[in-house]
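Numbers here are sequence positions counted from 1. Counting starts at 1 for both ligands and their atoms, in listed order.
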Amino acid sequence: MKKNFLMLATLGLITLTSCDKKEENVVVTDETVTVDETVVDETDGVVEEDVKTLDLTFSPASDSNLSGTATLTQNGEEVTLDVNLSGLTPGPHAIHIHEKGDCSAPDASSAGGHWNPTGEEHGKFNVEGFHMGDIGNLEADEDGNATLTFTTDKWCLDCDDESENLVGRSIIIHEGEDDFTTQPTGNAGGRIGCVVIE
Ligand SMILES: [Cu+2]
Ligand SMILES: [Zn+2]
């Protein structure tokens, strides 16, 4: 018990010490450069560059009434997808990243199959084999509205690794539910919404 406490205390001290050092550094920099608004602006710029955001608007497909938005945000190593939809039939609807950034076909078939840069089988994200685009299902309430928040460190926005890069793909909403087992689609039925990630 005593040993654990000592270890925690030591860790705390290290954390405090490193914080102190950072703060000292900042102060030293400010003093050296004679506190200047330009310097402050540059610091803000660097912090913002680390966060990338894409605001996207879904188009309906296959004569559906779907409307809604998707926001993709990269913060450090993680990408978060926020989806907000209405005009759905109540119940579960599959949502996937599909490989082609093309929503032009009336049934959104132009978006191709599930995005699968790693050559795996269709499945559940982060459970054994799965496509990189296998987000899963979202649930529409009795008014036909649905939201979803999904975060992973396996995607990126506009990075050099094409097995992680979402830009140039599309997000598809399906008529039915993903059963996570039928190959290679999850048996989710037609495509009722589509948006290109760009
Ligand atoms: Cu799909
Ligand atoms: Zn899949």
Side-chain angles (χ1 to χ4, degrees), residues 54-74 77-141 144-159 161-198:
L54 285 175
D55 289 312
L56 309 169
T57 304
F58 279 95
S59 300
S62 312
D63 292 322
S64 79
N65 294 316
L66 179 145
S67 64
T69 58
T71 303
L72 282 160
T73 309
Q74 174 152 13
E77 293 291 299
E78 289 193 327
V79 174
T80 297
L81 168 66
D82 283 298
V83 177
N84 226 309
L85 296 175
S86 54
L88 297 163
T89 54
H93 294 270
I95 173 171
H96 307 128
I97 309 289
H98 283 234
E99 61 180 340
K100 293 176 189 161
D102 183 353
C103 294
S104 60
D107 62 357
S109 57
S110 46
H114 294 187
W115 177 41
N116 183 22
T118 49
E120 299 282 341
E121 295 221 305
H122 177 72
K124 253 186 189 167
F125 207 92
N126 276 348
V127 180
E128 294 192 21
F130 58 93
H131 299 146
M132 215 40 103
D134 287 348
I135 300 170
N137 292 299
L138 42 72
E139 186 80 21
D141 65 19
N145 301 318
T147 59
L148 175 102
T149 300
F150 182 89
T151 299
T152 178
D153 63 0
K154 292 188 164 70
W155 296 345
C156 72
L157 291 181
D158 214 17
C159 67
D161 187 344
E162 280 307 304
S163 69
E164 293 193 2
N165 186 15
L166 292 176
V167 175
R169 319 271 161 216
S170 59
I171 309 172
I172 293 278
I173 311 295
H174 287 270
E175 196 172 21
E177 180 175 10
D178 188 334
D179 65 10
F180 300 117
T181 50
T182 305
Q183 300 300 328
T185 62
N187 195 30
R191 305 173 182 195
I192 57 169
C194 185
V195 62
V196 176
I197 303 170
E198 57 188 353

Of all the N, O or S atoms in [X], which has the shortest distance to the Zn ion (ligand 2)?
X: His114; value: ND1
X: His131; value: ND1
X: His122; value: ND1

Review point. Got a salt bridge between Glu162 and Arg169, using NZ or NE/NH1/NH2 to carboxylate O under 4.0 Å?
Key: yes

Revision key, fill the gap. The side-chain hydrogen bond (donor to acceptor under 3.5 Å, both in side chains) partner of Asp134 among His96, Lys124, His114 is His114

Exercise for review: Starting from the Cu ion (ligand 1), look over the N/O/S atoms of His96 and name the nearest one.
Suggested key: ND1

Revision key, fill the gap. Among the N/O/S atoms of His98, the Cu ion (ligand 1) lies closest to NE2

Point to revise | Atom CD of Glu120: over 12 foreign heavy atoms under 6.0 Å | key: yes

Review point. Is there an N/O/S atom in His96 at a distance below 2.8 Å from the Zn ion (ligand 2)?
Key: no

Review point. Does any N, O or S atom of Asp134, backbone or side chain, fall under 2.8 Å from the Zn ion (ligand 2)?
Key: yes

Review point. With a 3.5 Å cut-off and no angle check, do the side chains of Thr69 and Thr57 form a donor-acceptor pair?
Key: no

Check your understanding: With no hydrogens and no angle check, do the side chains of Thr149 and Asp82 hold a donor and an acceptor under 3.5 Å apart?
Key -> yes

Review point. Under 3.5 Å, is there a donor-acceptor pair between the side chain of Ser64 and the main chain of Ile192?
Key: yes

